[in-house]
Amino acid sequence: MPPPSAPVSFSMHGIAVSGGIAIGRAHLVSNALLEVAHYQLPEHLLRLEIARYEQAISTVRRDLQTIKQQLPAGAPAELDAFVATHLMILGDKHLSEEPKLIILREQCNAEWAVKLQMEDLVEQFEQIEDEYLRERKQDVVQVVERIIKALLGHPSQVAVREQESDIILVAHDLSPADAIQFKHHQFAAFITDVGGVTSHTAILARSLNIPSIVAMQRARDLIRDDELIIVDGNQGVVIVNPDKDTLGEYRLKQEQWELEQQKLKRIRLNKAVTLDGTAIELHANIEVPEDVVKARAAGATGIGLYRTEFLFMNRREMPDEEEQFIAYRKVAEAMKGLPVTIRTLDLGADKQMNPDTARSCTNPALGLRAIRLCLADPPIFHAQLRALLRASHYGNIKILVPMLSTLSELRQTKLMLERAKLSLRKQQIPFDEDIKLGGMIEVPAAALTAEAFAQQLDFLSIGTNDLIQYSLAIDRTDDSVSHLYNPLHPAVLQLVEMTIRAGEKLGKPVSVCGEMAGDPRLTKLLLGLGLRQFSMHSAQLLAVKRRILQTDVPRLGVLARKILNSGDSDKIEPLLDKLNLQ
Ligand code: PEP
Ligand code: MG
């Protein structure tokens with residue numbers, strides 16, 4: 001018998017969104033449902049197709065039974081019940097028998113038959129009044145996904161067999177709601193077929209500090225479960241089934257990267273002061289209260305952006321005022337008097353509370369998002385403002401309002417804030433009477449009228465991710481236009497500078513909390529444009545601090561101006577390289 005042939009080695013390229021190098025086993029995240037093929041079968045093959053379906057059902061049953069047996073002793077009872085429910089659904093004739101009849105009737109492949117059956121079942125579930133039972137449709141969908149994976153030959157047991165730290169997730173797409181769940185896991189890396197460089201999923205990858213690549217195009221098709229892969233998050237390269245030499249080379253690169261990260265830790269306690277003595281504030285962006293631990297470990301002198309919407313995701317009901325108060329207070333207390341800038345809800349666009357039930361609209365990024373959504377739903381906004389105010393008694397909280405585009409939105413927000421304050425005063429609940437209110441400048445209209453906003457607000461924070469999206473008309477989640485997503489576009493730089501200048505003129509602090517703030521290549525340029533406050537994910541903080549420590553601000557002026565006034569993006573890159581050498 002010939003020896004089994006070695007697995008084919010190949011490499012793929014995508015957009016690097018989070019640095020580092022990971023070497024591990026691929027775990028295909030199932031979205032098998034999206035990719036189900038439909039084809040007709042000749043009559044003489046239908047029996048074989050039915051046998052294939054029966055085989056898939058047996059495989060899934062075996063997998064579920066193994067999972068049940070392998071549940072650790074201390075696992076929560078719900079987990080056992082969850083697997084038992086899935087086994088029950090699998091055994092029900094609606095899934096074990098009826099798809100076989102569909103194969104015969106429609107003369108179609110098994111994947112298509114079970115998908116048709118699932119759609120039918122989901123529709124029936126949606127008619128149920130009882131919310132709990134209605135939600136059980138998710139279980140049906142998950143079981144069908146398992147069946148389809150088994151039909152496609154994608155085993156679903158990797159997560160059970162292996163250490164999480166060796167797992168590289170390979171997905172077609174991940175929503176921010178999916179990605180936020182990774183905060184409780186320790187995967188080695190993740191790669192996706194689609195996604196833009198500042199999509200919220202990419203931002204979360206950066207916050208996890210694991211190598212990640214998006215826009216890989218066909219990774220989910222070409223990579224098989226359990227294959228050995230290298231993810232180079234610095235270069236945006238994935239190598240599948242590497243040979244011995246390549247593996248050795250990347251192990252070395254991985255060691256060097258880790259050494260570099262260790263070295264950076266030495267400046268953790270250094271003050272962020274430039275060579276000429278200009279003091280810079282370095283704050284952290286967080287998504288969940290637990291992120292504060294990393295922020296403090298990285299030496300952040302405050303939280304510059306707490307994206308509260310993640311508290312609202314992956315759940316059926318909104319968190320009430322009390323739950324929000326507990327979360328905000330936790331962050332305020334953990335930061336021990338340092339500033340904690342909490343952003344009011346920025347739901348909408350790619351951040352949906354429950355993607356399955358999200359309202360569809362043609363242009364979600366231009367729709368009812370962020371402050372627009374809050375003003376359209378006063379009870380939700382009122383509860384959040386009360387929770388924020390109550391928490392302000394326990395620390396140094398500032399409120400930040402996302403996506404302002406008109407002063408009238410700001411006036412309405414202030415009225416709502418006054419109403420929340422009044423209700424607390426009436427109940428004699430303490431809060432910081434002098435709480436500071438800031439606005440995000442992330443819509444070009446707001447940047448162009450930044451002075452008017454600065455007059456009415458205590459501070460400004462530039463959300464460059466959206467500012468770029470809206471000024472260059474590029475959907476930040478769409479990889480087909482991500483090559484046009486350019487922080488160095490002269491229009492973007494001018495809007496940023498205009499906002500910094502408005503703050504300076506009116507004596508109001510201005511920070512940048514978009515991804516530009518965490519890119520060390522842009523640190524000197526932003527300093528040269530007058531920025532003195534940066535907020536970024538903790539993982540990026542030390543690399544930016546190192547740049548700050550090496551900078552002599554007065555030397556930046558001439559080149560920074562030249563870059564700002566250059567009308568041509570292509571001329572900016574070489575000028576930036578020159579600036580970074582100063
Ligand atoms: C931004 O738009 O730059 C920002 C910081 O907010 P988000 O990324 O959450 O939209
Ligand atoms: Mg934004």
Side-chain angles (χ1 to χ4, degrees), residues 17-18 175-177 179-180 195-208 214 283-288 291 295 302-313 341-353 364-374 398-405 409 438-447 450 453 459-478 482 485-487 489 492-493 495-496 499-500 510-519 522 526 531 533-538 540-541 544:
V17 294
S18 178
S175 69
I180 191 76
V197 71
T198 59
S199 64
H200 284 97
T201 305
I203 289 173
L204 282 166
R206 250 165 256 139
S207 85
L208 297 170
V214 299
H283 290 177
N285 291 355
I286 64 168
E287 277 84 35
V288 292
D291 287 341
I303 301 298
L305 173 67
Y306 173 7
R307 291 180 162 100
T308 55
E309 51 278 4
F310 287 98
L311 190 63
F312 290 66
M313 289 183 185
T341 312
I342 307 188
R343 180 171 74 182
T344 57
L345 255 188
D346 185 11
L347 278 178
D350 64 334
K351 287 180 292 192
Q352 298 292 344
M353 221 182 117
L366 303 181
L368 201 58
R369 182 190 159 185
I371 188 62
R372 302 170 180 185
L373 188 92
C374 287
K398 299 164 192 245
I399 298 177
L400 179 62
V401 185
M403 213 190 164
L404 288 166
S405 58
E409 285 163 338
M440 286 197 69
I441 303 297
E442 48 184 352
V443 175
F453 280 98
F459 64 97
L460 303 178
S461 189
I462 311 176
T464 50
N465 309 333
D466 278 313
L467 190 61
I468 298 169
Q469 155 162 275
Y470 294 128
S471 52
L472 303 187
I474 292 157
D475 181 343
R476 60 195 269 198
T477 66
D478 183 349
S482 56
Y485 196 97
N486 182 12
H489 191 293
V492 173
L493 296 179
L495 291 171
V496 168
T499 309
I500 296 172
V510 177
S511 80
V512 168
C513 64
E515 296 301 290
M516 275 179 86
D519 183 348
L522 304 179
L526 290 171
L531 190 74
Q533 253 189 48
F534 295 64
S535 190
M536 67 207 80
H537 279 118
S538 311
Q540 301 158 318
L541 211 133
V544 170

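No hydrogens, no waters, no symmetry mates; every other heavy atom, side chains included, goes into these values. Here, residue 1 is the first one in the sequence, and each next residue gets the next number. All ligand and atom numbering here is 1-based and tracks the order in the structure.
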What atoms of ligand 1 come within less than 4.0 Å of a heavy atom belonging to [X]?
{"X": "Asp466", "result": "1 (C), 2 (O), 3 (O), 10 (O)"}
{"X": "Ile203", "result": "8 (O)"}
{"X": "Arg307", "result": "4 (C), 5 (C), 6 (O), 7 (P), 8 (O), 9 (O)"}
{"X": "Cys513", "result": "5 (C)"}

Next on the checklist: Considering both backbone and side-chain atoms of Glu309, is one of its nitrogen or oxygen atoms within less than 3.5 Å of a nitrogen or oxygen in ligand 1?
Outcome noted: no
Next on the checklist: Under 3.5 Å between any N/O of Arg343 and any N/O of ligand 1: does that happen in this structure?
Outcome noted: yes
Checklist entry - Protein N/O/S atoms under 2.8 Å of the Mg ion (ligand 2)? => result Glu442 OE1, Asp466 OD2
Distance check, rounded to the nearest 0.5 Å: [X] atom [atom1] versus [Y] atom [atom2]?
{"X": "Leu347", "Y": "Leu373", "atom1": "CG", "atom2": "CG", "answer": "6.5 Å"}
{"X": "Glu287", "Y": "Glu309", "atom1": "CD", "atom2": "CD", "answer": "8.5 Å"}
{"X": "Cys374", "Y": "Met403", "atom1": "SG", "atom2": "CE", "answer": "12.0 Å"}

Below a 4.0 angstrom heavy-atom separation, can you tell me which part of [X], side chain or backbone, both or neither, approaches ligand 1?
{"X": "Arg476", "value": "side chain"}
{"X": "Arg369", "value": "side chain"}
{"X": "Ile462", "value": "neither"}
{"X": "Leu305", "value": "side chain"}
{"X": "Met440", "value": "side chain"}

Next on the checklist: Within the structure, is a non-hydrogen atom of Met516 found at a distance of less than 4.0 Å from ligand 1?
Outcome noted: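 Checking ligand 1 against Met516, which is what was asked, there is no heavy-atom contact under 4.0 Å.
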Checklist entry - Between Arg369 and Asp466, does at least one N-O distance fall below 4.0 Å, as a salt bridge requires? => result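 Result for this pair is yes, salt bridge flagged.
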Item to check | Ion pair check, Asp346 and Arg307, cut-off under 4.0 Å | outcome: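 Answer for the salt bridge query: no.
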Whether the side chain of [X] engages the backbone of [Y] through a donor-acceptor N/O pair (distance < 3.5 Å, no angle test) should be reported.
{"X": "Thr341", "Y": "Ile303", "result": "yes"}
{"X": "Asp291", "Y": "Val288", "result": "yes"}
{"X": "Tyr470", "Y": "Ala365", "result": "yes"}
{"X": "Arg372", "Y": "Leu366", "result": "yes"}
{"X": "Thr308", "Y": "Arg343", "result": "yes"}

Item to check | Ser511/His283 under side chain to side chain contact (heavy atoms under 4.5 Å, CB included): CA gap, chis, key distance, verdict | outcome: CA-CA 9 Å; Ser511 80; His283 290 177; over 6 Å; no
Item to check | Heavy-atom side-chain contact between Ser18 and Leu208 under 4.5 Å | outcome: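 No, every pair of side-chain atoms sits at 4.5 Å or beyond.
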Next on the checklist: Looking only at protein heavy atoms, which one is nearest to atom 7 (P) of ligand 1, and what is the separation?
Outcome noted: His200 NE2, 3.2 Å
